[in-house]
Structure formats: C-alpha cells, structure tokens
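Order of listing sets the numbers, starting from 1, for every ligand and every atom in it.
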Amino acid sequence: MAHSSELIAKDIDEYLHQHQHKSLLRFIACGSVDDGKSTLIGRLLYESQLVFDDHLAALEADSKRVGTQGGDLDFALLLDGLTAEREQGITIDVAYRFFSTERRKFIVADTPGHEQYTRNMVTGASTADLAVILVDARKGLLTQTRRHSYLVSLIGVHRIVLAVNKMDLMGYDRDVFDAIEAEYREFAARLGLTDITCIPMSALRGDNITEPSPNTPWYTGPTFMEHIETVELEDLAHTRPMRLPVQWVNRPDLDFRGFAGTVVSGTLRAGQRVRILPSGTESTVARIVTFDGDLEEAIAHQAVTVTLADEVDVSRGDVICEAREPAGVADQFEAHVVWMHEQEMLPGRPYLLKTGTRTVGATFSAPKYRVNVNTLEHQAAPTLGLNEIGVCNVALDRAVPFDPYTENRDTGGFIVIDRMTNNTVAAGLLHFALRRAENIHWHAVDVTKESRAQLNGHGPAMVWFTGLSGSGKSTIANLLEKRLHALGVRTYLLDGDNVRHGLNRDLGFTDADRVENIRRVAEVGRLMVDAGLVVLASFISPFAAERRMAREMLEPGEFCEVFVDAPLQVAEQRDPKGLYAKARRGELPNFTGIDSPYEAPESPEVHVNTAEQDPGQAVDLVLNHLRAAGVLPA
Ligand code: ADP
C-alpha cells in the first residue's frame with residue numbers, strides 16, 4: 001500500500017493538514033477465540049504501519065516549525081474514545097488500537113471473547129460506527145455470531161461487516177461463502193440490521209484485506225480495507241435536535257455566567273431559542289465561547305461554553321435543548337438493562353443512575369423479561385446476573401431530561417452505580433417514559449403530619465432496630481413500646497416475624513427478597529410516621545443500602561437507627577428461637593451471621609451492646625435520643 005512519505009518530503013504542512021482533516025472511523029471487532037480476530041487486527045496495523053511511522057517521524061522532525069498541534073490532535077482523538085469509559089469508572093478489558101491510512105484514521109475496539117463478553121462488548125460498541133463480525137468459514141454461524149450481532153444492534157451499531165475468514169481452508173469455495181452470507185442476512189434481518197457487507201477473506205494469507213484476491217475471482221465486492229476506508233460515515237448526531245448537557249457552571253466573576261459542556265447532538269447557534277430541562281425555562285443563546293474566540297455555531301461533539309440572554313437558573317446536569325424540539329422529562333421509564341457485576345441486580349434496592357451529566361437515585365423493578373442473547377427468546381427471570389440483559393421498569397427519585405436511546409445515545413443511555421461501593425454495576429438504554437408517572441400526583445391534604453403531631457403532643461419518628469438474630473431487638477423494642485405507652489405516646493411496633501405472616505408472606509430470605517422485605521416495611525413505616533406515630537421497627541435488616549433507603553424516606557430527625565450489637569457467639573448462645581442451631585445443621589440456608597452477611601451500621605443514632613448493657617439501659621439511651629431530637633418533650 002502506498003504511504004505518504006512523498007508528501008512529507010515535498011510539503012509537510014500539506015501532509016499534516018490532510019492528516020488532521022481525515023475522517024475517523026471507530027469500529028468494534030467481534031469474534032470467538034479462534035476466528036482470527038487478532039490476526040486481522042494485527043494485519044491491519046501492519047499494513048498501515050509505514051504510514052503511521054512516517055507520520056510520527058514527520059511530527060518529530062517538524063515540531064519546531066509547526067509546533068505540537070498536528071501531533072496533539074491525533075492523540076487527543078485517540079484518547080477521546082477512552083475518557084468516556086474512564087469517567088464512568090468502567091475498567092474493562094477492551095483494547096483500543098489506533099491506525100491510520102492515507103484516507104482515514106481508525107480506532108478499533110478489540111474485545112476479548114471470554115465470559116465477560118457482554119460488558120466488554122457493550123463498552124466497545126458504545127462509541128462504534130461499525131461492527132466487524134468474524135466468522136470461521138469452516139464453522140459458519142455460531143451462537144457467538146448471533147450473540148455479538150444482537151449486542152451491537154442493541155447498542156445502536158447498525159453497520160455490519162461480516163468477515164468470513166479462513167476461506168483458504170475451505171479452498172476459497174464460493175458456495176461456502178454464499179451459504180454463510182444468506183444465513184446471516186436472514187438472521188440479521190430479524191434484528192433490523194440491513195446494512196451488511198460480507199467479505200470472503202483470509203486474514204492470515206492476506207486475501208481481500210488490502211488487495212483483491214486472485215483466489216476469489218467470483219467476489220466482486222470491496223476489500224476489507226477499501227470498505228472501511230470508504231464506507232460512508234453518517235453521523236446521526238448531527239441530524240438530531242440540539243442537546244447540550246451542562247457539565248459545569250463557569251462563573252469566574254459576577255459579569256460572566258457560562259454553561260460548559262459538549263454538544264451531544266444537533267447544532268448550537270448564537271441567537272437560538274433554547275429550553276433548559278428539567279425546569280422548562282426558555283432563553284436565547286447569547287454567546288458560544290471557546291478558547292479560540294466566540295463561535296457562531298457549534299456542532300455535535302464540540303466542547304463549548306454558552307451564555308444565555310436571560311438570568312436563568314441552570315445547574316450541572318441540566319440539558320440545554322432546542323426549544324422547538326426539547327427532550328422529554330420523566331422519573332419512571334422502561335429500559336433495557338445490561339447487568340455487569342458479579343453481585344446480581346436487587347430489584348427495589350436504591351442505586352445511583354447517571355445519565356448525561358446528571359446522577360440521581362434509582363430503583364429497578366424485577367425484570368419484565370430476560371433476553372436469551374443466543375436465541376433472542378424472552379425468558380421470565382426474578383433478577384439479572386452478571387452479563388445478563390433484560391427489560392425492567394426504573395423509578396428515579398427526581399425527574400430527568402431524556403430521549404429514547406434509539407434517538408440519542410447520550411441522552412438515552414445511562415449507567416448504574418452501587419451506592420456503597422461506587423462500582424459501575426450496569427448500563428442501560430431508555431425506551432420510553434411510563435405514562436402512569438404522568439397520571440399519578442401527590443394529593444395535597446389539609447390535615448398534615450404537623451397538625452397530627454400537635455394533637456398527639458409528640459412528634460412522629462421511626463426507631464429502627466437492626467442487629468443479628470438473637471441480639472435483642474425484639475426484647476428492647478417491646479420494652480421501649482411499654483415505656484412510651486406509659487408516657488402517653490402513640491406507637492406501633494413492626495416486627496420482622498409478624499410482618500412476614502401477612503404483608504410479606506410471599507418473601508423468602510434470598511438477598512433480593514430481603515431487600516424487598518425492608519422496602520415494603522420502610523414504605524409502611526413512612527405512612528405510619530405520616531400518621532403521627534412513633535414507629536418501632538425490629539428487623540435484622542442486614543444491608544446498609546436498605547437501612548439508608550428507610551432513612552431517606554423520612555425527614556431529618558425522624559429516623560433513629562438503633563444498632564443492637566452482640567457478638568455472634570453471644571447471639572448464637574442465646575438462640576431464643578433455636579434458629580442458629582438449625583442453621584448450623586444446614587437446615588436454614590441464608591442465615592445472617594452464618595452464611596449470609598451482616599453489614600454493621602457505621603454511624604447509628606444509638607449503639608447498644610447487649611452483651612454488656614441490659615434492656616432497661618438500652619431503652620434509656622433511645623428515650624434520651626428521642627428527647628434530644630425533639631420527638632418527645634424534654
Ligand atoms: P432479636 O429480636 O434480635 O432476634 P430477641 O429479642 O428475640 O432477639 O432475643 C434476644 C434474647 O436475648 C432474649 O431471650 C433476651 O432475653 C436475651 N437477652 C439477654 N441479654 C439481653 C440484652 N441485654 N438485651 C436484649 N436481650 C437480651
């Protein structure tokens with residue numbers, strides 16, 4: 001293949017100019033272990049090596065004359081693709097490789113095909129313009145081929161190259177190729193994929209990689225390199241309505257208030273009418289500011305700072321939209337969720353959800369179905385495990401601006417973060433807002449929690465006892481209720497076992513069921529607190545995340561977490577219900593402290609050690625807290 005040394009010698013400025021303005025194609029290469037993916041990528045790198053070497057040498061030699069701009073641009077482009085994933089905290093096994101020919105620059109995401117395939121592929125595909133799906137001509141379409149095709153189409157990559165590799169081992173037989181092509185097109189059509197180019201090749205021998213192969217005279221299509229160099233790059237982001245998620249508010253002095261971020265779609269123009277979501281306020285773009293001076297317009301992928309004509313309230317996470325075609329705003333959605341963590345999804349558990357530049361609290365419903373990525377079947381599933389994909393409803397604690405993922409990858413995609421560990425545990429694609437969210441409103445009532453408190457002569461509260469079985473929660477809660485009752489306080493005791501006889505009769509003791517158990521109790525407790533009661537809740541409640549959820553449902557000062565602490569040996573010795581003995585005999589699986597974890601509270605309002613303090617002392621500590629918090633009169 002020709003390379004650019006001539007131009008470098010003749011006119012370095014022209015060479016650098018051409019190189020800077022070459023288009024960039026990002027693609028993902030998918031294949032099973034022995035399909036020849038590494039060979040193909042290796043060959044591409046090798047074939048383009050001379051150009052790249054020359055390019056580097058030229059930059060080095062001419063750094064004095066042209067400064068570092070030429071070099072900076074390329075590396076920025078290369079890094080550009082990586083920062084998005086880095087920012088999202090996904091550390092994944094995807095190797096990005098860069099190469100360049102005279103016509104185009106390329107970034108290829110090389111995703112290992114081992115068992116972590118789903119999250120690797122989702123990451124690699126999320127920025128790809130095209131997917132190369134490798135097939136071994138000897139084996140034809142495999143389960144993996146279908147799986148990879150499903151995943152890339154889900155992530156929104158609609159341009160496919162089916163690389164039918166190892167044709168040399170099949171004697172370059174046209175019938176073999178035709179049969180594979182026909183079968184693939186039929187399958188791909190079911191996924192809605194129509195832009196498919198099938199190329200017979202041998203990555204090892206170089207057939208149809210850069211030069212048309214004499215071994216396949218019957219093939220009249222492009223070589224692999226020719227195709228990826230010339231395939232039209234339709235960047236749909238440019239055709240979509242303008243969206244600018246605000247990354248940060250730049251306010252160096254009182255006279256300047258700029259909103260910085262990257263235009264993710266459409267064109268931003270000075271004088272353009274915009275709507276800021278979720279608030280819905282409208283204004284007009286005053287200036288588009290960059291380091292190199294003001295712009296008249298900025299297009300998708302450009303980072304800018306805008307100022308608006310009016311003094312409007314805009315904060316980080318807001319989305320500045322074209323006023324005539326704004327994004328939607330909602331707090332409940334249906335979404336595809338790709339689970340990426342060893343710990344399975346726990347429906348009902350509060351997670352963090354990040355969409356665009358905004359992070360909000362989120363809970364998932366149990367999946368409506370799980371997709372069998374091999375057969376595309378929908379299967380019933382209570383949860384999603386590592387690498388599984390399903391469709392769930394998601395409820396957010398605040399309304400967010402959004403577009404359906406199919407219309408905008410940036411404002412329709414999200415990641416899910418575990419609140420305790422900060423790990424990224426899932427990625428998702430928003431389908432649509434749930435209509436029921438629009439039709440349910442919170443009714444304002446005239447008799448309020450405050451008026452009830454006045455009548456009662458005390459404030460409402462939730463006293464939440466947590467600790468191992470046998471630590472003494474019920475004993476202390478029972479004694480506390482008697483003392484409160486004697487003081488004329490309106491109370492109600494929610495007890496773990498009692499609730500499981502009725503409201504939560506359908507739940508067992510898996511992690512998912514424990515989460516749902518506590519979620520329901522917290523919701524019921526919240527209603528009782530609203531009714532003006534001092535609620536005593538006695539539940540092992542082993543997970544910090546759900547105790548925090550219960551806390552966050554109430555107003556500050558209403559929640560009192562009591563850590564009923566006893567060493568496991570002490571609790572096990574007491575064994576008031578004989579449960580530890582059963583668990584030790586293996587008759588009671590998932591027993592907290594034995595084969596299911598207990599996450600101790602880090603900063604409970606009251607901490608009692610029942611190995612050292614008796615129940616009366618524990619009750620006094622709680623009463624003191626309730627007085628200090630103003631729930632009970634001093
Ligand atoms: P939990 O509700 O936490 O499962 P229970 O209150 O049902 O625990 O059982 C705790 C057992 O330990 C009871 O038999 C209780 O009499 C005994 N116990 C001994 N010392 C204490 C203490 N300081 N506080 C609470 N319970 C204690």
Side-chain angles (χ1 to χ4, degrees), residues 461-486 491-505 507-511 513-522 524-525 528 534-544 546-547 550-551 559-585 587-602 604-626:
M462 168 103 89
V463 183
W464 190 283
F465 293 91
T466 173
L468 296 174
S469 175
S471 61
K473 300 179 296 298
S474 304
T475 307
I476 297 168
N478 192 36
L479 187 60
L480 175 64
E481 188 172 33
K482 279 200 282 188
R483 291 276 297 276
L484 288 169
H485 194 74
T491 58
Y492 192 79
L493 201 162
L494 284 167
D495 178 86
D497 285 354
N498 296 356
V499 174
R500 282 183 179 277
H501 279 111
L503 177 66
N504 292 354
R505 187 165 34 199
L507 301 177
F509 291 88
T510 61
D511 284 0
D513 279 358
R514 286 176 188 274
V515 169
E516 178 60 12
N517 183 42
I518 298 305
R519 189 192 69 80
R520 290 186 199 170
V521 167
V524 169
M528 290 184 168
V534 172
V535 182
L536 314 182
S538 169
F539 295 85
I540 297 174
S541 45
F543 304 130
E546 281 65 55
R547 298 193 302 261
R551 174 187 294 275
F559 191 83
C560 172
E561 187 173 19
V562 182
F563 179 20
V564 183
D565 194 2
L568 179 64
Q569 305 88 290
V570 175
E572 186 164 0
Q573 218 168 17
R574 290 178 187 157
D575 206 5
K577 297 166 206 151
L579 299 177
Y580 283 98
K582 255 191 175 171
R584 290 290 185 199
R585 288 199 303 271
E587 295 164 12
L588 197 55
N590 301 325
F591 194 70
T592 304
I594 306 295
D595 58 353
S596 184
Y598 178 78
E599 299 167 7
E602 276 172 14
E605 276 74 9
V606 177
H607 185 166
V608 289
N609 184 336
T610 63
E612 285 159 14
Q613 293 160 297
D614 65 33
Q617 287 172 305
V619 166
D620 285 338
L621 288 175
V622 180
L623 285 173
N624 286 344
H625 174 83
L626 293 177

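For the residue pair L579 and S469, the shortest heavy atom distance occurs at CD1-OG, 4.3 Å.
Closest to atom 2 (O) of ligand 1 among all protein heavy atoms lies S474 OG, 2.7 Å. Distance from atom 26 (N) of ligand 1 to its nearest protein heavy atom, with residue and atom name: G472 CA, 3.6 Å. Atom 22 (C) of ligand 1 has T610 CB, 3.5 Å as its closest protein atom, hydrogens excluded (heavy atom only). Scanning all protein heavy atoms for the shortest distance to atom 4 (O) of ligand 1 gives G470 N, 2.7 Å.
Considering only non-hydrogen atoms, atom 9 (O) of ligand 1 lies nearest to P576 out of S469, P576, G616, A618. Of the candidates T475, V564, I476, T466, the one placing a heavy atom closest to atom 6 (O) of ligand 1 is T475.
Annotation for Y492: atom OH does not count as buried by contact number, only 12 or fewer foreign heavy atoms lying within 6.0 Å. Around CZ of R585, the count of heavy atoms belonging to other residues, nucleotides or ligands within 6.0 Å exceeds 12.
Ligand 1 places these atoms under 4.0 Å from at least one heavy atom of L468: 3 (O). Heavy-atom contacts of P615 reach the following atoms of ligand 1: 22 (C), 23 (N), 24 (N), 25 (C) (cutoff under 4.0 Å).
No hydrogens or angles considered: nothing links the side chains of T475 and R574 as a donor-acceptor pair under 3.5 Å.
When non-hydrogen atoms are compared, ligand 1 lies under 4.0 Å from the side chain of R574 (C-beta onward) but not from its backbone. The backbone and the side chain of S471 each have at least one atom closer than 4.0 Å to an atom of ligand 1 (non-hydrogen atoms only).
For G467, the heavy-atom gap to ligand 1 stays at 4.0 angstrom or more. Heavy atoms of D614 approach ligand 1 to within less than 4.0 angstrom.
Salt bridge R551/E605: present, at least one basic N to carboxylate O contact under 4.0 Å.
The cationic group of R519 does not satisfy the cation-pi geometry with F539, failing either the under 6.0 Å distance to the six-membered ring centre or the 45° limit from the ring axis.
On a distance-only criterion, Q613 and ligand 1 share at least one N/O pair closer than 3.5 Å.
Using a 4.5 Å heavy-atom cutoff, the side chains of N590 and D511 are not in contact.
The salt bridge (charged side-chain N to carboxylate O under 4.0 Å, His left out) contacts involving residues 608-622 comprise R483-D620, where partners must be two or more places apart or lie in separate chains.
The side-chain hydrogen bond (donor to acceptor under 3.5 Å, both in side chains) check on R500 picks up nothing, with sequence neighbours excluded.
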